[in-house]
Amino acid sequence: MSIISAPNALKPNTDNDFLPLQGTDYVEFYVGNAKQVAHYYKSAFGFQSVAYAGPETGSKDKASYVVRQNKLTFVFTTALRPDHPIAEHVQLHGDGVKVLALRVDDAESAWKETTSRGGKSCMEPTTLADKWGEVVLSGIQTYGDTIHIFVERNNYTGPFMPGYKEWKTIYNPPSTGLLYVDHCVGNVGWNQMDPWVRFYQDVMGFRNILSFDDNDISTEYSALMSKVMSNGNGYVKFPINEPAEGKKKSQVEEYLEFYKGEGVQHVAMATSNIVETVQQLKERGVEFLQVPSSYYEDLLSRVGHIDEDLAPLKELSILVDRDDEGYLLQIFTKPVEDRPTVFFEIIQRKGAQSFGKGNFKALFEAIEREQSARGNL
Ligand code: FE2
């Protein structure tokens with residue numbers, strides 16, 4: 001069995017941090033039709049229009065839409081020609097996450113520190129400038145075709161970055177209360193979890209703060225293993241999943257099969273009022289996994305006192321779990337595209353810094369019902 005290796009594993013530790021991160025700068029998705037995807041995230045999730053790049057701004061072969069909600073920034077990018085690498089990415093993977101961008105004070109130092117430790121460069125330090133100042137970018141590859149871009153923007157006051165213009169629209173649906181990226185989970189192949197754990201340790205200076213083995217994360221039918229990597233100050237957390245043997249196909253295997261390789265499985269977005277946020281998301285058409293009502297029968301005996309009324313949690317299928325420091329509430333969307341790949345988690349932390357281990361079984365049974373309906377279990 002598993003769980004936290006050291007008593008203070010979840011506590012921040014910034015000693016000797018060679019890659020200080022201020023958090024997630026943005027998440028960029030490569031998609032088939034960025035204009036429509038941007039509209040979906042505005043309508044369904046309550047993001048606001050921020051910036052646009054395309055032929056009108058000098059970007060002749062791709063278009064990007066930037067949307068934001070509090071500290072969450074998503075970029076949706078599409079190719080304008082079929083022989084473009086972005087079109088090939090979408091052809092292979094479907095719509096998916098290409099970039100997990102991390103905010104730094106010094107993008108050149110981030111690049112030097114990581115590439116000198118074995119990180120494979122995908123972008124040498126590059127300075128972009130316009131009338132609003134300058135942004136320095138650099139990048140390294142991570143699992144699958146996913147990359148990390150280091151973003152230095154302390155000297156920039158524009159809407160997003162050079163090359164983009166402000167995107168104003170008359171259609172501005174209200175926010176749903178989503179605040180920031182809590183964590184981003186990667187799915188990797190068989191026996192690839194530990195190599196990627198070592199990558200985050202050695203190349204990026206992250207620590208393994210939690211581990212779950214297949215005894216923790218299994219149902220009657222399928223299993224997976226997971227290790228949570230955190231940077232020094234704890235602002236950036238990347239759990240890494242790999243499939244494990246079960247009677248039937250692991251959800252991670254289904255992902256790998258349909259994404260055609262390793263990639264981002266889910267992005268967890270924080271809220272300070274999960275009941276209100278999920279109510280609004282549901283009204284706007286976001287679909288969530290449901291757990292059976294029996295989940296709520298002995299919930300309070302499992303997690304103790306919680307501030308929220310049980311009725312709305314049950315009605316919305318919101319899950320609760322407790323650890324030594326408090327509790328958390330969470331819920332998972334169904335995949336947001338036709339391939340069963342990327343989905344979202346909505347999470348509200350009330351002290352707990354963990355990831356809902358107590359919910360894994362109920363959750364994975366819910367995922368298996370969906371897998372089975374797709375004929376992929
Ligand atoms: Fe998660």
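Counting starts at 1 for both ligands and their atoms, following the listed order.
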Quick one: are Val320 and Tyr327 in side-chain contact, heavy atoms under 4.5 Å?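 SC-SC contact between Val320 and Tyr327 confirmed.
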Is any side-chain heavy atom of Asn231 less than 4.5 Å from a side-chain heavy atom of Asn233?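 With C-beta onward as the side chain, the pair touches.
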Identify whether Val275 and Val286 are in the same connected component of the hydrophobic contact network (ILVMFWY, side-chain heavy atoms under 4.5 Å).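 Yes, Val275 connects to Val286 through the hydrophobic network.
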Exercise answer: donor-acceptor pairs, residues 127-136 side-chain atoms, under 3.5 Å, sequence neighbours excluded:
{"unit_1": "Asp130", "atom_1": "OD1", "unit_2": "Trp132", "atom_2": "N", "d": "2.9"}
{"unit_1": "Asp130", "atom_1": "OD1", "unit_2": "Tyr156", "atom_2": "OH", "d": "3.4"}
{"unit_1": "Asp130", "atom_1": "OD2", "unit_2": "Tyr156", "atom_2": "OH", "d": "2.8"}

Under 2.8 Å from the Fe ion (ligand 1), protein N/O/S atom count?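 Those protein atoms number 3 in total.
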Is the closest basic N to carboxylate O distance between Glu365 and Arg369 below 4.0 Å?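 A salt bridge is absent here (no side-chain N lies under 4.0 Å from a carboxylate O).
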Just by modelled atom types, is the Val342 backbone N or O under 3.5 Å from a matching donor or acceptor in the Gln265 side chain?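 It does not hold such a pair.
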